[in-house]
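What's counted below: heavy atoms across the whole structure, side chains too, no hydrogens, waters or symmetry copies. In what follows, chains carry the letters A, B, and so on, assigned in the order in which the sequence lines appear, proteins first and then strands, with residues in each chain numbered from 1.
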Amino acid sequence: MKHTTVVIIGGGATGIGILRDLSMRGVKAVLLEQGGIASGASSRFHGLLHSGGRYAVKDNEAARECIEENMILRRIGRECVEESEGFFVLSQQDDPAYEKPWVEACAKAGIKTEPVDVKEALRLEPNLDPGIKAVYRVPDSSVDGFRLVWHNAMSARRYGGEMLTHHEVFAIDQEGGKVKGVRARNLVTGEEVCISCDVVVNAAGSWAAKVVELVGLEVGVQPDRGTLVAFNHRFTSRVINRLHMSSDGDIFVPHGSITILGTTSFHADRPDAHEAPTEDVLKLLDIGEVLIPNLRSYRILRAFAGTRPLYVAKGSAAGRAASRGFHISDHSEEGLDGMFSIFGGKFTTYRLMAEKLCDLVCEKLGVHAECRTAVEPLIADPSPAMMEKAAKYFPVHSVPLVANRLGDAFPIVVEKAAAMKSNPLLCECEMVTRAEIEYVASDPSSHSMTDVRLRTRLGMGTCQGTYCSLRTIGALTECRVPFPLSPADNLRDFLQERWKGLRPALWGLQAREMELGRAVYAATLNIDGARDEQKN
Amino acid sequence: MKRRINPDKCVACSTCVVQCPVAEVTSKFLGPRMLGPASERFRMLNAGEDDSLSYCANCKNCDISCPQGVEVSNINMLARAEYCRENRPSFRDWILAHGELEAKLVSYFPSFLVNFGMANPISKQILDMVGVSKKADLPKFASKQFPAMFKEYKQPENLTKRVVFYPGCFIKAYAPQTGMDLVWLLNKAGYKVEYPEVFCCCGTPLYTNGFEADARKNAVKNLEELAAWRKAGIPVLSLCPSCQLMFKSEIPAFFPDLAENMESTALDDAMEFILGCINRGELDISEADTSPLDIIYHAPCHLRAQGIGFPGLDILRLLPGVHAVNADAGCCGISGSYGFKKEKYDIGMAIGSKLFDTIKDSGIRQVATECGTCKVQIIHGTGNPCDHPLTILRRRLDKKTTK
Ligand SMILES: Cc1cc2nc3c(=O)[nH]c(=O)nc-3n(C[C@H](O)[C@H](O)[C@H](O)COP(=O)(O)OP(=O)(O)OC[C@H]3O[C@@H](n4cnc5c(N)ncnc54)[C@H](O)[C@@H]3O)c2cc1C
Ligand code: SF4
Ligand code: SF4
């Protein structure tokens, strides 16, 4: 049996943040995640690095946490944050009476707001409705959640932190009111692993209540589904919020090459309620049109949904009225020593959440090391020489993007590209080259093309996999990357997953793309037949 | 503000890549889809510009072939203009872009001196040093430019109908006789021709070489004049497919604010107009020379991009004794000043080779095409004579001209 000091359940921002923090403090820890890294809310979210402006009026404390963490993440996670700034816009439909208390509340929370002349705002964001009434500038940013979690993981690995992906925890063992260890199943091989430990941390997000059920306890976590719509291009340069009480569908977040509009808020009956209904998409478009009148002329790439782990104290409100603050339970209070649960909060505050939790864990373990996660960058900046070298083997547009997403692995991939005969683009829409794909596919944590997609953005642009998936599976088969699935099944799963996101918003320009994709794979290449043939 | 074309219509099918003549002959070029709609999604990130953007010839074959109606070449040109705002284009590009200005300067000197000055080995060496290929045959300045020729020309009295002629800089400086051929034909059809001297270069060479501000100035002047004639209900004709394309679709794309208040910024196509004259019986071709003449016709890319068919070829086919075939061999490779540039000369010649071979294999001597620089390239690539269809028409009608 394997032994460690702390087992962390859940590989989202919170769990991986804890792994990094503990590892930096010299505490041995193993993290178990049932899917791939950040396969829960931490990649199915809006990607707004909150300035706190959105919470200033309702929850000033949460707003203060946001702005403080926002500033820290810009420093430690430069490669994951686009310092795009944000606008709060008073639309023709919004109540001007909200403006003054909002400005005051922001000041109180320490959020810098700066009025922007409407004409100037329209010059900077020409797609905004010309009838808007007032605009404020705030330090919002966008954050690539998946990448930030990965870079935390890389940092944790450097300090000896261990993680096992595709491992589902199904039992937590206890003895004499104290946790003893966990048992998990490797979902790829079916194997069972037991790990003994002194402390178990439940960072399972929306699944937190399920995990606590394993030890017969309860926590106030309510999964709350939010739908998001991704558009094919970036039609705002900065984050655009409505200046009103936070509500559905009122934020546009530009991310790299795309824009994401969101989000709704609905009670979900299960933590993996990841279906995005068409009604939600239509509702989002209706609301979004108030700020961006041309919205319906833009192409929707896909719609997706995630579930928020909302903290609901017994008897209090759920949904948007519930607190966005976080909560830590030390289950020793309920008679189980060595078990902690952490839930609620926001992506923006994951580091703070991890710090607070690790303080408690360290206190329990008698470890006195200080938290350094706020001062040490997640990864080292790539050297200018390496950037220059990369420009020889990657398209110019893609070099900074490749460097940012690969982090520590950037120099390795550049060398790999340099050694290859040529380094063609396999994914042209998101500019992902063969060297990068081969490297990521060979990482032990990659089990499928979908895992490769998450780390590289393969198949996440305009064509949603129509052209890149065939090229990629060909390249990976050629270089013999050992995936558990056959190439045909891998391709099918990959495409199905892409198409799943297309279905809820399948009209207009994206329907044309979809038809082309369907013609290529279902007709010309007969992908279903290919699978049957393999079976025979 | 940075103007952007919404790249959403692109379905990534790569049809344009297959049809792009530059992508076909050089791997240096990222190709229309990648430089156009695909890169456009990254330009808002200021992710830097690919060097190969300068290799786009703005020939418009991508736009012609795109099944989704993406304005690929305009995306490229807007990106180039944006790039050139921060990175000044070279002296060589300035020279090639400002042909009209140079023409004005040289019009004060005898043309044989000027052309000798340009064509002698020493000048060629100097041009080569700034980046104009010494292998290229640059067009020669005419001994008398169009404005002077037009002024001296006596149009018949008692013509009641009126049209306006927009010559464009190429005809003005290098091929004024083609312009005069049109004037002669229009007169014969009963039209008095006006030529307002304020009309200047349409801006194509300026914009594609990265001189956006200069192109804009020209567009302002030209549109103002055009609007006045529009109001008077008098058609404004052009002989040059590139000028036509600039007015019709590039000005609205590059300077939408200028085009906003005009129903259409398009010029009328002189070939369509003449074809109309023939069809209406205003221009009588029954007296035309009937001696047999084989012609091989090259359709300029910028004409094909307009989607108006080939009125010039249609005219030739109406002429008794003329047998005209369409070469249908793609781009000639010159694309304005593109093929004169040192680093692009070989690309231009490789692109044109299919057309040159088609012409040579046809065994036909006489080539016809509407575009002035296509003509220069065809003569350079084949040694065959090449003329504007209207020049040929005039020759067949005008008893006084020698064949
Ligand atoms: C639609 C939407 C939009 C949002 N927008 C924003 C925003 O713009 N800005 C912001 O700051 N926040 C936003 N949030 C909130 C933010 O996404 C979450 O607060 C944050 O990602 C939660 O991270 P986590 O690590 O706690 O949970 P998760 O990322 O969900 O991680 C939990 C992990 O635990 C794993 N797990 C569960 N059970 C087990 C088990 N038994 N064994 C092993 N592993 C298990 C799951 O697979 C999952 O990966 C948004 C949320 C949603 C839903
Ligand atoms: S304009 Fe011509 S050279 Fe430029 S991308 Fe299009 S087809 Fe290629
Ligand atoms: S621009 Fe047009 S032809 Fe080119 S890839 Fe896109 S849709 Fe196809």
| Pairs meeting criterion ring pair (Phe, Tyr, Trp, His ring centres under 6.0 Å) with involvement of residues 25-80 of chain B, two or more places apart |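 Pairs touching residues 25-80 of chain B that pass the test: none.
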
| field | Qualifying ring pair (Phe, Tyr, Trp, His ring centres under 6.0 Å) pairs with a residue from residues 329-351 of chain B, counting only residues at least two apart or across chains | value |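 Listed once each, the pairs are Tyr345(B)-His380(B).
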
| message | Using only atom types and a distance under 3.5 Å, with no angle test, would you say the side chain of Asp8(B) pairs donor to acceptor with the backbone of Tyr298(A)? | response |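 Side chain of Asp8(B) to backbone of Tyr298(A): no pair is present.
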
| Side chain of Arg41(B), backbone of Cys429(A): donor and acceptor closer than 3.5 Å? |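 Looks like yes, one N/O pair under 3.5 Å.
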
| request: Select, from Pro395(A), Gly461(A), Ser237(A), Gly256(A), the one with the greatest count of heavy-atom pairs under 4.5 Å involving chain B. | output: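 Highest number of pairs under 4.5 Å: Gly256(A).
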
| query | If you count heavy-atom pairs under 4.5 Å between each of Gln464(A), Gln510(A), Arg234(A), Arg299(A) and chain B, which one has the most? | reply |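 Looking at each option in turn, the highest pair count goes to Arg299(A).
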
| Which atoms of Cys10(B) approach chain A - backbone, side chain, both or neither, heavy atom under 4.5 Å |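 It is the backbone, since no side chain atom gets that close.
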
| So what's closer than 4.5 Å to chain A heavy atoms on Glu49(B): side chain, backbone, both or neither? |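 When you check distances to chain A, atoms from both the backbone and side chain of Glu49(B) fall under 4.5 Å.
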
| field | Inter-chain contacts: residues 64-72 of chain B against chain A, heavy atoms under 4.5 Å | value |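 Listed by number, the contacting residues are Gln68(B).
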
| message | For Glu82(A), which atoms come within 4.5 Å of any heavy atom of chain B: side chain, backbone, both, or neither? | response |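 Answer is side chain: those atoms of Glu82(A) sit under 4.5 Å from chain B.
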
| said: At a 4.5 Å cut-off on heavy atoms, which part of Tyr467(A) comes close to chain B: side chain, backbone, both, or neither? | reply: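 Contact with chain B involves the side chain of Tyr467(A) alone.
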
Quick one: does [X]'s side chain get under 4.5 Å of [Y]'s, heavy atoms only?
| X | Y | result |
| --- | --- | --- |
| Leu425(A) | Met34(B) | yes |
| Glu40(B) | His233(A) | no |
| Ser39(B) | Met431(A) | yes |

| Shortest non-hydrogen contact from Asn232(A) toward Pro7(B) |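 Looking at all heavy atoms of both residues, the closest pair is ND2-O, 4.1 Å.
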
| query | What is the minimum heavy-atom distance between Glu513(A) and Val11(B), and which atoms define it? | reply |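 The pair with the smallest heavy-atom distance is OE2-O, 2.6 Å.
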
| Between CZ on residue Phe235(A) and CZ on residue Arg4(B), distance to nearest 0.5 Å |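 Going from the CZ atom of Phe235(A) to the CZ atom of Arg4(B) covers 14.5 Å.
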
| task | Apply salt bridge (charged side-chain N to carboxylate O under 4.0 Å, His left out) to Lys221(B) and list each qualifying residue two or more places apart in sequence or on a separate chain. | result |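 Salt bridge (charged side-chain N to carboxylate O under 4.0 Å, His left out) check on Lys221(B) returns nothing, list empty.
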
| request: Answer yes or no: does atom CD of Glu289(A) have more than 12 heavy-atom neighbours from other residues, nucleotides or ligands under 6.0 Å? | output: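 Count over threshold, so yes.
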
